[in-house]
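Step one of this worksheet: look at the structure below.
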2 protein chains.
Amino acid sequence: MRIGEVAAKAGVSVRAMRYYEQQNLLQADCRLGGQRHYADTAVGRVRMIQHLYAAGLSSSTIREVLPCVDTGEVPPELLDRLTAERTHIDQRITELLAVRARLDEVIAAARNPDPECHHMQY
Amino acid sequence: MRIGEVAAKAGVSVRAMRYYEQQNLLQADCRLGGQRHYADTAVGRVRMIQHLYAAGLSSSTIREVLPCVDTGEVPPELLDRLTAERTHIDQRITELLAVRARLDEVIAAARNPDPECHHMQY
DNA sequence: CTTGCACCTGACGCTAACGTCAGGTTTTAG
DNA sequence: CTAAAACCTGACGTTAGCGTCAGGTGCAAG
């Protein structure tokens with residue numbers, strides 16, 4: 001597969017894939033006439049990269065994490081980093097849940113206008 | 001209170017507060033000799049703004065949402081927007097949960113090296 | 001052969017949420 | 001009164017994850 005096909009299947013832009021390569025998150029299997037060629041597994045890998053980005057991880061963090069996800073081998077020095085990242089994600093989840101609850105209150109109030117509503121002080 | 005005190009109590013920079021004002025998220029109660037003065041409630045408001053930013057909302061979205069949180073009154077046209085935003089947040093939560101679970105697998109594997117481990121294909 | 005599409009490598013543009021510096025004013029402490 | 005803080009208004013810098021354009025190449029079809 002060439003880059004366009006992989007990009008389409010994974011739902012990203014060609015530009016994004018070249019960017020991932022620059023960031024050392026992804027390598028083409030080979031180059032034929034200057035053009036990148038990929039195995040089928042690349043599609044899944046690109047999707048995984050997207051998920052990690054969506055989770056708020058930076059390129060450099062993803063660069064560290066990906067090999068572990070691939071091989072299952074985790075150098076112990078990375079364990080702390082991963083645990084820290086997990087904690088960070090946990091915090092973001094908690095914040096998101098709080099904001100969602102907030103939004104739900106507002107939405108509920110909008111649907112069911114309550115004249116005696118006692119609004120919270122933030 | 002002047003800007004520095006509010007910023008310190010809310011845990012943000014002075015620059016950030018001036019930025020919030022530019023974005024119409026926050027107004028000073030008055031100006032004395034060109035300097036901004038705030039009521040105590042400003043601290044909570046700034047924290048709320050931070051939470052919304054942390055939830056991934058943009059300045060313009062926050063600008064729409066904040067008055068509703070304040071007053072509890074929601075113009076019906078905003079309801080769709082809020083619901084959409086809620087859906088979006090839901091998606092991000094789901095993604096974060098997935099990534100966290102992924103991280104947990106890797107961490108568990110690292111702590112408990114399993115020679116017969118069958119790694120998932122992403 | 002040539003048309004046309006997909007691909008290539010730079011390289012500059014963009015947005016958001018501030019950081020930071022310059023140059024000047026106001027408030028506060030001694 | 002005076003010097004140090006704290007504040008003010010621009011305005012330019014920064015970072016990340018791409019978008020997009022320019023100018024040139026490779027591959028399949030007619």
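When reading the values below, keep in mind they use all heavy atoms of this one structure, side chains included, and skip hydrogens, waters and symmetry mates. Per chain, numbering begins at 1; letters A, B, ... match sequence-line order.
- Along DNA chain D, the nucleotide nearest to A/G33 and the one nearest to A/M17 differ in position, and the one closer to the 5' end is contacted by A/M17.
- Side chains of A/M17 and A/R36 form no contact here, defined as non-hydrogen atoms less than 4.5 Å apart.
- B/S59 has a side-chain polar atom (N or O) that falls below the 4.0 Å cut-off from OP1 or OP2 of C/dA17.
- With sequence neighbours excluded, no residue forms a side chain to side chain contact (heavy atoms under 4.5 Å, CB included) with B/A8.
- Put simply, chain B comes within 4.0 Å of DNA chain D, heavy atom to any atom, from D/dA6 to D/dA11, going 5' to 3'.
- A salt bridge (Lys or Arg N to Asp or Glu O under 4.0 Å) check over residues 49-65 of chain A, counting only residues at least two apart or in different chains, returns the pairs A/E64-A/R81.
- Here B/Y38 pairs with nothing under the ring-ring contact (aromatic ring centres under 6.0 Å, His included) rule; sequence neighbours left out.
- Atom CD in B/Q22 sits roughly 12 Å away from atom P in C/dC18 (whole-Å rounding).
- Only at 4.0 angstrom or more do the heavy atoms of residues 92-100 of chain A sit from any atom of DNA chain D, so none qualifies.
- Qualifying side chain to side chain contact (heavy atoms under 4.5 Å, CB included) partners for B/S58, counting only residues two or more places apart in sequence or in other chains: B/S60, B/T61.
- Partners of A/Q23 under the side-chain hydrogen bond (donor to acceptor under 3.5 Å, both in side chains) rule, at least two apart in sequence or in another chain, do not exist in this structure.
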Grab the N/O contacts between the protein and nucleotides 3-7 of chain C below 3.5 Å, and write none if there aren't any.
unit_1 : atom_1 : unit_2 : atom_2 : d
C/dC7  : OP1    : A/G4   : N      : 2.7
C/dC7  : O4'    : A/Q35  : NE2    : 3.1

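- Applying the 4.0 Å criterion to OP1 and OP2 of C/dA16, one finds that B/S58 has every side-chain N and O outside that range.
- By the side chain to side chain contact (heavy atoms under 4.5 Å, CB included) test, A/L32 pairs with A/C30, A/H37, sequence neighbours left out.
- Residues passing the salt bridge (charged side-chain N to carboxylate O under 4.0 Å, His left out) test with B/R86, sequence neighbours excluded: A/D104, B/D90.
- The salt bridge (Lys or Arg N to Asp or Glu O under 4.0 Å) pairs that include a residue from residues 2-15 of chain B are B/E5-B/K9, where partners are two or more places apart or lie in different chains.
- Both B/S60 and B/L32 lie near DNA chain C, and the one whose nearest nucleotide falls closer to the 5' end is B/S60.
- Residue B/Q23 contributes atom CD, which lies 10 Å from atom C1' of C/dC18 at whole-angstrom precision.
- For B/Q27, there are no side chain to side chain contact (heavy atoms under 4.5 Å, CB included) partners, not counting sequence neighbours.
- When side chains are defined from C-beta on, A/R92 counts as touching B/R92, because their heavy atoms get closer than 4.5 Å.
- The phosphate of C/dC18 (OP1 or OP2) has no side-chain N or O of B/Y19 nearer than 4.0 angstrom.
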